Amino acid sequence: MYMLYIICHLISTYLLPPPPKTQTPSSTSIFLFLNLLPFCTYKINSIVRHKTVISLCLLIDNVSMTSAIGNGSLFYRTPSKFDGADTSSEKLGVLKLRACNFCKAKLLGLPPLRAMEASRTSHINGKAENVHQPGYNSNDQVTANDCPGFSGKSIPRISTNGNSTNIVWHKCSVEKSDREELLQQRGCVIWITGLSGSGKSTLACSLSRGLHARGKLTYILDGDNVRHGLNRDLSFGAEDRAENIRRIGEVSKLLADAGVICIASLISPYRKERDACRALLPEGDFIEVFMDVPLRVCEARDPKGLYKLARAGKIKGFTGIDDPYEPPLKSEIVLRQNQGLCDSPNDLADVVISYLDKNGYLKA
Ligand SMILES: Nc1ncnc2c1ncn2[C@@H]1O[C@H](COP(=O)(O)OS(=O)(=O)O)[C@@H](OP(=O)(O)O)[C@H]1O
Ligand SMILES: Nc1ncnc2c1ncn2[C@@H]1O[C@H](COP(=O)(O)OP(=O)(O)O)[C@@H](O)[C@H]1O
């Protein structure tokens, strides 16, 4: 068999015509075919399974085929970066785009993406729904949603959501679980609630630092900070607070879907709105942390002087003073003082990290 390969190789190298000067797509394909033919006869059976195909893809795309197969046998010398399967398939015309993606994933050690068929459950309005696409064929490798501009046969489901009419949910074959595998963690929301001065922001920061040190991707949505941008239009009136909570809940959901461990720290004084945020996420992915610190402790801390202003009547509707705070009834984690003393922020963060660890959020 090896002899046969060597003979074919010699024929390919010395007897086949020299590379064409003009590189038209048809001459390119014919020339490539002639040159690959002897090689294929040697290992036609294993070419799909064997790493040869991996090497071929890379070699074809990255380096001159001249050095790979024989002297002057092939003609394209492409840039050394592997920046897209379309480029290589366009140039060579023979290698399947999917094969190239597979090879690239193999070489980079990435797990292959699941087929579209396995991923048709989606969350719409917080409810798991089966995204039904009429005409969807499980054998289709590309759907309209996967490829904008593709005029396939599936008719998407049009829906109405609040004031948004005629909207369509677009799905992509790269899903939450794919991102989680990449990040080696599970996307979730840690929702820290409590009075002003109870230590929400401090805990959020310690937690983020602790998780970051363990190689986990986090992002903090702090009420104060979000009110500097996205929620700058909102006041501290009941309706606006509810909207503040709702928006942060929606952004948290997106971050969790991105695979991130999202840390939301805001007073979020209303139980109903907090529970609505919980309902946006799959079971277990909303972890409520209640900073159960008495008002007198928060007031004694008063790091921003706001309690003083509120007591003096200079701030109206201050939470805990003249605006309500509804403590959670059943949060996953309650952090309270021990014999009148607060644990350090790092110790409190460790409690949360242990919870995440125990419940499998720190691995994919
Ligand atoms: N009226 C009133 N009540 C409570 N808090 C007030 C008020 N006015 C301003 N602040 C400052 O705003 C921070 C709270 O913002 P949040 O977005 O977390 O509040 S809420 O969830 O919408 O209730 C809060 O920050 P924290 O102390 O970090 O909680 C206060 O600094
Ligand atoms: N675990 C803790 N023990 C003692 N003091 C704390 C603790 N966590 C935070 N603090 C202090 O309490 C004050 C309020 O903390 P902060 O994180 O800003 O609360 P919040 O975000 O809930 O308003 C700050 O002065 C902070 O240093």
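These figures come from a predicted structure and were not determined experimentally. Atoms within each ligand, like the ligands themselves, are counted from 1 in listed order. All heavy atoms count here, side chains included; hydrogens, waters and symmetry mates do not.
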**OP:** Report, as yes or no, whether the 6.0 Å neighbourhood of atom OH on Tyr219 holds more than 12 heavy atoms from other residues, nucleotides or ligands.
**Re:** no
Original post:
Starting from atom 13 (C) of ligand 1, which protein heavy atom do you reach first, and at what distance in Å?
Top reply: Asp224 OD1, 3.4 Å
Subject >> same_hphob_cluster(Met291, Val226) at 4.5 Å side-chain heavy-atom cutoff >> reply: no
Original post:
Which bit of Lys200 is near ligand 2, meaning a heavy atom under 4.0 Å away: side chain, backbone, both or neither?
Top reply: both
Original post:
For ligand 1, which atoms, with element, lie under 4.0 Å from some heavy atom of Lys200?
Top reply: 29 (O)
Original post:
Which of the listed options, Asp343, Asp347, Thr202, Leu306, holds the heavy atom that is closest to atom 2 (C) of ligand 2?
Top reply: Asp343
Subject >> atom 21 (O) of ligand 1 - nearest protein heavy atom and its distance >> reply: Ser268 N, 2.8 Å
Original post:
So, are Arg214 and Asp357 salt-bridged, with charged N and O less than 4.0 Å apart?
Top reply: no
Original post:
Are Arg278 and Glu332 ion-paired here, with the side-chain N under 4.0 Å from a carboxylate O?
Top reply: yes
Original post:
Quick check: does Ile267 get an N/O under 3.5 Å from an N/O on ligand 1?
Top reply: yes
Original post:
In the protein, which heavy atom is nearest to atom 16 (P) of ligand 1, and how far is it?
Top reply: Arg227 NE, 3.7 Å
Original post:
Counting heavy atoms only, which part of Leu348 comes closer than 4.0 Å to ligand 2: side chain, backbone, both or neither?
Top reply: side chain
**OP:** Would you name the heavy atoms of Ala310 and Ile321 that are closest together and state the gap between them?
**Re:** CB-CG1, 4.1 Å
**OP:** Around atom 2 (C) of ligand 1, find the nearest protein heavy atom and jot down its residue, atom name and distance.
**Re:** Phe318 CD1, 3.4 Å
Original post:
With a 4.0 Å cut-off, would you call Asp257 and Arg179 a salt bridge?
Top reply: yes
Original post:
Roughly how far, to the nearest 0.5 Å, is the CG atom of Leu280 from the CG atom of Asp275?
Top reply: 11.0 Å
Original post:
Are Ile192 and Phe286 grouped together when hydrophobic residues (ILVMFWY) are joined by side-chain heavy atoms under 4.5 angstrom apart?
Top reply: no
**OP:** With heavy atoms only and a cut-off of under 4.0 Å, state how Asn244 meets ligand 1: side chain, backbone, both or neither.
**Re:** side chain
**OP:** Scan side-chain atoms only and decide if Trp191 and Ser252 contain a donor-acceptor pair under the 3.5 Å cut-off.
**Re:** no
Original post:
Where on Asp222 is there a heavy atom closer than 4.0 Å to ligand 1, on the side chain, on the backbone, on both, or on neither?
Top reply: neither
Original post:
What is the closest protein heavy atom to atom 19 (O) of ligand 2, and at what distance does it sit?
Top reply: Gly199 N, 3.0 Å
**OP:** Would you mind telling me if ligand 2 is within reach of the side chain of Cys342, the backbone, both or neither, using heavy atoms under 4.0 Å?
**Re:** side chain
Original post:
Hey, are Ser208 and Thr218 close enough side-chain-wise for a donor-acceptor pair under 3.5 Å?
Top reply: yes
Subject >> Any Asp323 heavy atom less than 4.0 Å to ligand 1 >> reply: no
Subject >> Min N/O separation Lys304 to ligand 2 under 3.5 Å >> reply: no
Original post:
Hey, does Gly317 come in under 3.5 Å of ligand 1, counting only N/O atoms on both sides?
Top reply: yes
**OP:** Pull out every atom of ligand 1 sitting under 4.0 Å from any heavy atom of Thr319, numbered as shown with elements.
**Re:** 3 (N), 4 (C)
Subject >> For Pro269, atoms of ligand 1 separated by under 4.0 Å from a heavy atom >> reply: 21 (O), 23 (O)
**OP:** Could you tell me whether Ile267 approaches ligand 2 through its side chain, its backbone, both or neither, with non-hydrogen atoms closer than 4.0 Å?
**Re:** neither
Original post:
Going by the atom numbers of ligand 1, which of them fall below 4.0 Å from some non-hydrogen atom of Ser196?
Top reply: 26 (P), 27 (O), 29 (O)
Original post:
Nearest protein heavy atom to atom 28 (O) of ligand 1, by residue and atom, and its distance?
Top reply: Lys304 NZ, 3.1 Å
Original post:
Are any side-chain N or O atoms of Arg271 and backbone N or O atoms of Pro328, one a donor and one an acceptor, separated by less than 3.5 Å?
Top reply: no
Subject >> Sub-4.0 Å atoms of ligand 2 with respect to non-hydrogen atoms of Leu195 >> reply: 22 (O)
Original post:
Minimum heavy-atom separation for Leu266 to Gly223, with atom names?
Top reply: CB-CA, 3.9 Å
Subject >> Protein contact of atom 30 (C) of ligand 1 - nearest heavy atom, named by residue and atom, plus distance >> reply: Leu306 CD1, 3.5 Å
**OP:** Working to the nearest 0.5 Å, report the span between CZ of Arg336 and CZ of Phe290.
**Re:** 8.0 Å
Original post:
What protein heavy atom sits nearest atom 21 (O) of ligand 2, and how far away is it?
Top reply: Ser201 OG, 2.7 Å
Subject >> Protein contact to atom 23 (O) of ligand 2 [nearest heavy atom, distance to 0.1 Å] >> reply: Gly197 N, 2.7 Å
**OP:** Answer yes when Lys200 and Asp222 have at least one side-chain N-carboxylate O distance shorter than 4.0 Å, and no when they do not.
**Re:** no
Original post:
Are any of the side-chain nitrogens in Arg296 or Glu299 under 4.0 Å away from the carboxylate oxygens of its partner?
Top reply: no
Original post:
Counting distance only, does the side-chain N/O of Asp178 pair as donor-acceptor with the main-chain N or O of Glu175 below 3.5 Å?
Top reply: yes
Original post:
Under a 4.0 Å heavy-atom limit, does Pro303 contact ligand 2 with its side chain, its backbone, both, or neither?
Top reply: side chain
Subject >> Polar contact flag for Ser265 and ligand 1 (N/O pairs, less than 3.5 Å) >> reply: no
Subject >> Ser196 neighbourhood, listing ligand 2 atoms whose heavy-atom distance to it stays under 4.0 Å >> reply: 23 (O)
Original post:
Under 3.5 Å, side chain of Lys216 to main-chain N/O of Gln185, donor-acceptor pair present?
Top reply: no
Subject >> Any protein heavy atom nearer than 4.0 Å to atom 27 (O) of ligand 2 >> reply: no
Original post:
So, Asp302 and Arg311, do they make that salt bridge, N to O below 4.0 Å?
Top reply: no
Original post:
Do any nitrogen or oxygen atoms of Ser344 come within less than 3.5 Å of a nitrogen or oxygen of ligand 2?
Top reply: no
Original post:
With distance as the sole test, does Glu273 use its side chain to make a donor-acceptor pair with the main-chain N or O of Ser268 at under 3.5 Å?
Top reply: no
**OP:** Check each atom of ligand 1 against the heavy atoms of Gly223 and keep those under 4.0 Å away; list them by number with element.
**Re:** 17 (O), 18 (O)
Original post:
Gly194: heavy atom below 4.0 Å from ligand 2, yes or no?
Top reply: no
**OP:** Please confirm whether Arg241 comes within less than 3.5 Å of ligand 1 when only nitrogen or oxygen atoms on both sides are compared.
**Re:** yes
Original post:
Where the side chain of Asp292 meets the backbone of Leu335, is there a donor-acceptor pair that is under 3.5 Å apart?
Top reply: no
Original post:
Identify the closest protein heavy atom to atom 7 (C) of ligand 2: which residue and atom is it, and at what distance?
Top reply: Arg301 NH2, 3.9 Å
Original post:
Which bit of Phe236 is near ligand 1, meaning a heavy atom under 4.0 Å away: side chain, backbone, both or neither?
Top reply: side chain
